[in-house]
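First comes the structure, then the notes that go with it.
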Number of protein chains: 2
Amino acid sequence: MSSSLSESQKDLIERIGVYHEQQGMQPLMGRILGLLLILDDAEATFEDIIEHLNVSKSAVSTALNVMQIQNRVAYRTKPGERKRYFYLNMGNWEKDIEKELHEIAKVGEFVQEALTLRSNKKTEFNSYLQNLCQFMEYFKKQIPRLFRDFENSKS
Amino acid sequence: MSSSLSESQKDLIERIGVYHEQQGMQPLMGRILGLLLILDDAEATFEDIIEHLNVSKSAVSTALNVMQIQNRVAYRTKPGERKRYFYLNMGNWEKDIEKELHEIAKVGEFVQEALTLRSNKKTEFNSYLQNLCQFMEYFKKQIPRLFRDFENSKS
DNA sequence: TATTTGGTTCTTTTTTTGGTGAACAAACAA
DNA sequence: TTGTTTGTTCACCAAAAAAAGAACCAAATA
């Protein structure tokens with residue numbers, strides 16, 4: 001297998017795993033993400049993953065399949081070899097982040113719907129909700145600008 | 001208990017519950033959040049919650065305790081009564097959203113750390129990571145401005 | 001053709017989660 | 001004092017999630 005990992009590398013992989021787990025990802029998927037981010041080659045074979053993370057073939061197989069469907073990883077093969085070299089698909093991190101931001105903004109839509117069902121018995125509470133909705137609408141509109149302005153700030 | 005819920009109210013509570021569940025919250029906590037958002041009174045007693053959501057006392061007790069520690073709900077009592085009236089703490093939704101945005105930005109810190117451990121073997125991959133980090137730094141800096149500009153846009 | 005390699009699929013096992021219900025405690029009421 | 005209301009705690013349980021292990025399969029190789 002590719003060279004063994006240092007303690008600090010293993011530690012970072014673990015923390016990246018826990019982070020992603022808390023974001024709702026399956027534990028092993030988070031670790032694989034971390035591993036592929038930390039390895040100098042930025043890629044790993046099936047076997048590499050099994051040995052570095054100490055997990056079973058089947059677990060890796062299913063995790064990788066899900067991650068490929070989600071477009072988080074892809075693989076290539078090297079001429080002559082049959083092994084697959086899996087790597088992170090870094091091509092669309094902007095889209096991923098955009099999706100996460102929109103996910104946060106979804107509360108606004110629920111609150112909006114709640115407002116249509118609420119009486120005006122508690123006006124102060126309602127106006128809090130109004131305010132929250134308005135912020136979320138504003139926020140959603142700002143998302144594209146965020147990416148645009150970032151690109152501009154680079155040049 | 002306080003008046004029974006309509007189908008559309010129950011449906012919305014359920015959807016709010018599922019949403020929060022997917023965001024990592026315990027199922028019952030998400031439902032309670034939804035309930036307190038939908039009830040006209042914007043508050044509910046222990047009993048109300050048990051009856052509206054069909055759950056046990058103990059489940060409600062533990063859920064409410066966690067939610068109080070997290071500062072999501074609070075309670076008051078009415079003069080003469082011993083019952084607690086729980087309500088959503090809407091006072092700091094800005095802070096909550098800010099926290100969520102910073103949570104997203106955390107990947108940037110992991111990637112930053114990964115870069116310090118990585119060799120320069122894969123320069124293209126590394127520069128993707130650099131770019132992601134830079135975006136996250138930019139993003140974090142923009143967060144306060146987002147709230148500020150929203151406030152200004154209202155007046 | 002037989003064997004090895006690289007990976008998949010299916011069944012079983014383990015672990016984690018979320019919730020229940022009964023016993024308990026504190027506060028008040030009769 | 002005894003009983004009732006309001007809520008907490010803890011031991012237990014069911015279901016779901018995650019991983020393991022073995023059988024399997026297809027492609028390459030001997």
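Figure legend: cation-pi geometry between K78(A) and Y85(A), with NZ or CZ positioned under 6.0 Å from the six-membered ring centre and within 45° of its axis.
As a whole-Å value, the separation of Q22(A) CD from dT17(C) P is 11 Å. Rounded to whole Å, atom P of dG18(C) lies 12 Å from atom CE of M25(B). Atom CD of Q26(A) is separated from atom C1' of dT17(C) by 15 Å (rounded to the nearest Å). If you measure from atom CG of L53(B) to atom P of dG18(C), you get 16 Å, rounded to the nearest angstrom.
When side chains are defined from C-beta on, Y75(A) counts as touching Q68(A), because their heavy atoms get closer than 4.5 Å. Two residues are said to be in side-chain contact when any heavy atoms from C-beta on lie closer than 4.5 Å; V107(B) and I97(A) fail this criterion. Considering only heavy atoms from C-beta on, D149(A) stays 4.5 Å or farther from Q142(B) through its side chain.
Side-chain atoms of N126(B) come within 3.5 Å of backbone atoms of S119(B) as a donor-acceptor pair (strictly under, hydrogens ignored). A donor-acceptor pair under 3.5 Å is formed between the side chain of R31(B) and the backbone N or O of P27(B).
Read 5' to 3', the first and last nucleotides of DNA chain D with an atom closer than 4.0 Å to a heavy atom of chain A are dA18(D) to dA28(D).
Contacts between residues 80-89 of chain B and DNA chain D, counted as heavy-atom distances below 4.0 Å, involve R82(B), K83(B), R84(B). Near DNA chain C, meaning a heavy atom under 4.0 Å from it, residues 55-66 of chain A has K57(A), S58(A), S61(A), N65(A) in order of number.
Looking at D48(B) and T45(B), their side chains do bring a donor and an acceptor atom within 3.5 Å of each other.
Of all non-hydrogen atoms in G30(A) and H20(A), the two that sit nearest each other are CA-CB, 4.0 Å.
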